Amino acid sequence: MKTFLILSLLALPLHAEIRGAVRGGIFQGTDHHDLVGTAEVDARFGKWSFAPAVELIRSGNGLYAEHIDIRRLFQSEHHTFWIGAGPTFVKSNVPSSATTWNADAGIEWRSKSAWEPFVAARYYSFRMPIFRDVIKGKGAVISVGVSRRFW
C-alpha cells in the first residue's frame with residue numbers, strides 16, 4: 001500500500017509542465033522607478049498554473065518580494081497568455097515587512113525549443129514603516145524575460 005501511494009504521488013508531477021523563468025524590468029510604482037529582477041517556477045497543469053516567484057527590488061533597503069500566484073492559461077498555437085493573482089510578502093533587510101495581494105498577466109511566444117520569451121506585468125502595492133521613514137510602492141512591474149521548459 002505504501003509503495004502504491006508513493007508511486008501515485010510521484011506520478012502527479014509527470015502530468016504537469018514544469019518551467020523556470022527569469023525576468024528583468026522596472027517597478028513603475030516607486031519614486032525612482034527601481035530595477036527589478038525576478039526568478040520563478042511555473043507548474044502548468046491543463047489550463048491552470050501555480051507560480052511561486054522571488055523578486056529583488058533595487059531600492060537601497062535590501063527590498064524583495066515573494067509571490068505565490070495561481071494563473072489561468074489561454075493557449076494558442078503560437079502564444080500563451082496568462083492572468084493570475086495571489087498573495088505577496090514584501091520584506092527588507094531592515095526589520096519590516098508587509099503582506100499584500102498582486103495581479104499578474106503576461107504573454108509568452110511559444111516555440112519548438114525549450115526556451116520561450118515573454119512580456120509580463122505584475123501589479124501590487126505595499127507600505128512598510130521603518131525607523132523614521134516609510135518604504136512604499138504602488139504600481140506595476142513591467143518586465144521582459146525568458147522561460148525554459150524542464151519537463
Side-chain angles (χ1 to χ4, degrees), residues 4-93 96-128 135-151:
F4 178 73
L5 180 61
I6 291 171
L7 289 176
S8 297
L9 290 175
L10 290 175
L12 282 175
L14 295 177
H15 296 290
E17 178 182 347
I18 307 297
R19 302 187 74 83
V22 292
R23 58 183 173 177
I26 297 175
F27 193 175
Q28 299 291 327
T30 59
D31 295 335
H32 307 291
H33 299 298
D34 294 327
L35 297 176
V36 175
T38 307
E40 65 185 34
V41 175
D42 190 6
R44 298 177 179 182
F45 187 76
K47 296 182 184 226
W48 293 94
S49 169
F50 174 71
V54 174
E55 197 162 71
L56 303 175
I57 304 166
R58 188 173 167 239
S59 69
N61 293 309
L63 195 62
Y64 66 98
E66 298 167 346
H67 308 283
I68 303 172
D69 291 346
I70 301 293
R71 297 175 175 163
R72 174 70 163 93
L73 303 173
F74 303 93
Q75 296 177 333
S76 71
E77 184 179 347
H78 301 290
H79 300 93
T80 298
F81 172 75
W82 72 82
I83 187 164
T88 295
F89 308 97
V90 183
K91 301 175 184 175
S92 71
N93 60 2
S96 185
S97 63
T99 302
T100 184
W101 291 90
N102 76 78
D104 184 34
I107 186 166
E108 182 174 63
W109 287 267
R110 298 180 68 148
S111 65
K112 295 185 182 192
S113 74
W115 298 93
E116 296 178 351
F118 65 91
V119 177
R122 178 180 280 127
Y123 180 90
Y124 61 101
S125 65
F126 62 90
R127 185 177 190 283
M128 299 184 328
I135 302 172
K136 60 184 174 179
K138 181 179 184 177
V141 175
I142 309 297
S143 56
V144 176
V146 63
S147 71
R148 184 179 193 292
R149 181 177 49 250
F150 293 114
W151 65 83

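Keep in mind it's a predicted model, so treat the numbers as computed, not measured.
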Could you tell me if the side chain of [Y] sits less than 4.5 Å from the side chain of [X], heavy atoms only?
X	Y	value
F27	L63	no
R72	W82	no
F118	T80	no
S147	W115	no

Which of R19, R110, R148 passes side chain to side chain donor-acceptor pair (under 3.5 Å) with E116? It is R19
Enter the distance from [X]:[atom1] to [Y]:[atom2] here, rounded to the nearest 0.5 Å.
X	Y	atom1	atom2	value
D69	D42	CG	CG	9.5 Å
Y123	N102	OH	CG	11.5 Å
D104	I83	CG	CD1	9.0 Å
H67	E40	NE2	CD	9.0 Å
S96	I135	OG	CD1	6.0 Å

Closest heavy-atom pair, T88 versus A65, reported as atoms and distance to 0.1 Å, is CG2-CB, 4.1 Å
Shortest non-hydrogen pair, A98 vs F126, comes out as CB-CB, 4.3 Å
Applied to residues 50-63, the salt bridge (Lys or Arg N to Asp or Glu O under 4.0 Å) test, sequence neighbours excluded, yields E55-R122
Would I68 and F50 count as a side-chain contact (heavy atoms from CB on, under 4.5 Å) here? Give the steps. CA-CA 8 Å; I68 303 172; F50 174 71; 3.5 Å; yes
I'd like to know whether CH2 of W109 has more than 12 heavy-atom contacts from other residues, nucleotides or ligands below 6.0 angstrom. yes
By side-chain hydrogen bond (donor to acceptor under 3.5 Å, both in side chains), S111 pairs with (sequence neighbours left out) S113
What pairs of donor and acceptor atoms, side-chain ones from residues 138-146 against any protein atom, are under 3.5 angstrom apart with sequence neighbours left out?
none

Looking at W48, does the NZ or CZ of R71 lie under 6.0 angstrom from its six-membered ring centre and within 45 degrees of the ring axis? no
Practice task
Start with the C-alpha gap between I26 and L35, add the side-chain angles, then the distance that decides, and say whether side-chain contact (heavy atoms from CB on, under 4.5 Å) holds.
Solution key: CA-CA 5 Å; I26 297 175; L35 297 176; 4.1 Å; yes
| message | Would E108 and R44 count as a salt bridge (Lys or Arg N to Asp or Glu O under 4.0 Å) here? Give the steps. | response | CA-CA 14 Å; E108 182 174 63; R44 298 177 179 182; 3.0 Å; yes
